[in-house]
Engineer: 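Here's a structure for you.
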Amino acid sequence: MLLRQGRDVVLLGMVDRDHYGVSVYCTGRYASPLPPLRAAEARARRNWVHRYASWLDAADNGPLHEGRWVLRPCNVPLSLLVAPVVGSTVYIDWDGNGWGGVLPLRPLSPPDAGRVKAYRKQVREGVLPPVLVWAVSGLDGHVVLDGHDRLAAALAEEVAPPMLVLTRGMDAAEQRSVLESTEAHVTGVIDNLRRREHHPGVQRQIDALVQRHAQAAALLPYDAKRTRAWPLPGGAAAWDAEAAALGWR
């Protein structure tokens, strides 16, 4: 796999032949699509979901493409953080059970760096803006889109930072298709239950089934889809050429 920002390659990846993990190479060329956050803005406690969504929508170097996107708070285990080193390969171990961790797209600054020290103060004050991550299904995890120094500050203070995760969402046609199929299934189950109305507890089962379906339908627009990818022109030979030009493999 290959992740490009504009004309710059920011990440290369090669999945193991046995599919137990993926080797990744970060080039260090990544730049956040969001503007720098000022201390006064952080202390103003903005509606960060709205603010980040607006910035992403306006950015010309972010990951958004045509389709529906979802941005929401999340908790990602930092115990699964993989720290990249420019010019070196890091390995993400799926171990047959998946990963779900966090991969920064550039090396994290040291704890005593100026910006990190400023963010560490925000961590202690409880006003640190969220780290923005993107769920990438090809890695079975997340990459950091914005907030590398905020992430470094939170780690230095030994706390989990607030996070927002960006995912692809279902479009209207896909939602209708899933709803129609599940409604048909639920209707069939309810019809079968109603044939046993004389049995005690049947109405409770019907009510519970209807409630579960309503809850699932309410959450449906927020279900995440797999990350979209496009074939690399030139195929494997082009990928090999990119890797060689960057000094990898």
Side-chain angles (χ1 to χ4, degrees), residues 3 5-6 8 10-11 13 24-64 69-93 99-136 139-167:
L3 179 62
Q5 186 179 38
D8 290 329
V10 298
L11 180 144
V24 294
Y25 179 88
C26 293
T27 65
R29 299 179 181 181
Y30 177 74
S32 171
L34 272 59
L37 282 168
R38 307 301 178 190
E41 191 167 25
R43 290 183 173 85
R45 298 178 182 271
R46 305 288 187 182
N47 180 336
W48 292 118
V49 174
H50 176 74
R51 182 59 58 92
Y52 282 30
S54 298
W55 282 333
L56 282 168
D57 191 45
D60 59 4
N61 63 339
L64 301 189
W69 292 84
V70 176
L71 185 64
R72 57 184 169 182
C74 70
N75 294 309
V76 178
L78 293 186
S79 59
L80 298 177
L81 175 72
V82 174
V85 178
V86 174
S88 299
T89 303
V90 296
Y91 183 72
I92 294 173
D93 189 355
W99 177 50
V102 180
L103 174 70
L105 288 176
R106 66 168 176 81
L108 299 182
S109 301
D112 58 352
R115 285 178 59 84
V116 176
K117 289 169 68 175
Y119 283 132
R120 291 179 69 172
K121 183 178 180 182
Q122 293 180 13
V123 172
R124 294 191 293 270
E125 294 175 359
V127 297
L128 186 73
V131 175
L132 176 63
V133 299
W134 175 26
V136 179
L139 296 174
D140 192 29
H142 310 77
V143 297
V144 178
L145 292 179
D146 180 77
H148 288 78
D149 286 339
R150 297 195 297 279
L151 177 59
L155 291 173
E157 294 295 320
E158 299 183 345
V159 300
M163 285 193 177
L164 295 178
V165 61
L166 178 72
T167 58

Engineer: Check salt bridge (charged side-chain N to carboxylate O under 4.0 Å, His left out) between Glu158 and all other residues, then give those that pass, not counting sequence neighbours.
Structural biologist: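 Testing Glu158 for salt bridge (charged side-chain N to carboxylate O under 4.0 Å, His left out), a comparison that skips the adjacent residues, returns none.
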Engineer: Under the side-chain hydrogen bond (donor to acceptor under 3.5 Å, both in side chains) definition, can you give me all pairs with a residue in residues 25-40, not counting sequence neighbours?
Structural biologist: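 Every pair satisfying side-chain hydrogen bond (donor to acceptor under 3.5 Å, both in side chains) with a residue in residues 25-40: Ser32-Asp146.
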Engineer: Got a second to check how far Gln122's CD is from Arg150's CZ, nearest 0.5 Å?
Structural biologist: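 So the gap between those two atoms works out to 8.5 Å.
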Engineer: Which donor-acceptor pairs under 3.5 Å do side chains of residues 81-90 form with protein atoms, sequence neighbours excluded?
Structural biologist:
unit_1 : atom_1 : unit_2 : atom_2 : d
Thr89  : OG1    : Trp248 : NE1    : 2.4

Engineer: Under the rule for ring-ring contact (aromatic ring centres under 6.0 Å, His included), what residues qualify as partners of Trp99, not counting sequence neighbours?
Structural biologist: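 Listed in chain order: nothing, the list is empty.
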Engineer: Please determine whether side-chain contact (heavy atoms from CB on, under 4.5 Å) holds for the pair Leu166 and Trp69, giving the CA-CA distance in whole Å, both sets of side-chain angles, and the decisive distance to 0.1 Å.
Structural biologist: CA-CA 7 Å; Leu166 178 72; Trp69 292 84; 3.7 Å; yes
Engineer: Donor-acceptor pairs under 3.5 angstrom involving side-chain atoms of residues 102-116: please list them, not counting sequence neighbours.
Structural biologist:
unit_1 : atom_1 : unit_2 : atom_2 : d
Ser109 : OG     : Asp149 : OD1    : 2.8
Arg115 : NE     : Asp149 : OD2    : 3.2
Arg115 : NH2    : Tyr119 : OH     : 3.1

Engineer: Is Val144 close to Leu151 at the side-chain level, that is, under 4.5 Å between some pair of heavy atoms?
Structural biologist: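 Side-chain contact under 4.5 Å: yes.
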Engineer: Kindly indicate, with the supporting measurements, whether the criterion side-chain contact (heavy atoms from CB on, under 4.5 Å) is fulfilled by Arg43 and Glu125.
Structural biologist: CA-CA 9 Å; Arg43 290 183 173 85; Glu125 294 175 359; 3.0 Å; yes
Engineer: Tell me whether Gln5 contacts the main-chain N or O of Ala31 through its side chain, where contact means a donor paired with an acceptor under 3.5 Å.
Structural biologist: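 Here the side-chain-to-backbone pair exists.
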Engineer: Restricting to non-hydrogen atoms, name the atom on Tyr52 and the atom on Pro129 that form the minimum distance, rounded to 0.1 Å.
Structural biologist: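 Shortest heavy-atom contact: OH-CB, 3.7 Å.
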Engineer: Indicate the atoms forming the closest heavy-atom contact of Leu155 with Leu78, along with that distance.
Structural biologist: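 Taking every non-hydrogen atom into account, CD2-CD1, 3.8 Å.
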Engineer: Could you check if a side-chain atom of Pro130 sits within less than 4.5 angstrom of a side-chain atom of Met163, using non-hydrogen atoms only?
Structural biologist: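 Result no, sub-4.5 Å side-chain heavy-atom pair not found.
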Engineer: Would a 4.5 Å heavy-atom cut-off, applied to side chains only, mark Pro162 and Val131 as touching?
Structural biologist: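 Not in contact.
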Engineer: Under the criterion side-chain contact (heavy atoms from CB on, under 4.5 Å), I'd like the reasoning laid out for Val165 against Arg72: C-alpha separation, chi angles, the key distance, then a yes or no.
Structural biologist: CA-CA 6 Å; Val165 61; Arg72 57 184 169 182; 4.1 Å; yes
Engineer: Could you tabulate the donor-acceptor pairs under 3.5 Å formed by side-chain atoms of residues 53-63, not counting sequence neighbours?
Structural biologist:
unit_1 : atom_1 : unit_2 : atom_2 : d
Ser54  : OG     : His50  : O      : 3.0

Engineer: When rounded to the nearest 0.5 angstrom, what is the spacing between CG in Leu164 and CG in Leu132?
Structural biologist: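 Nearest 0.5 Å value for the CG-CG distance: 6.5 Å.
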Engineer: side-chain contact (heavy atoms from CB on, under 4.5 Å) for Val133 and Val143? Distances and angles first, verdict last.
Structural biologist: CA-CA 5 Å; Val133 299; Val143 297; over 6 Å; no
Engineer: How close do Thr167 and Ala135 get, heavy atom to heavy atom, and via which atoms?
Structural biologist: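 Minimum heavy-atom contact is CG2-CB, 3.5 Å.
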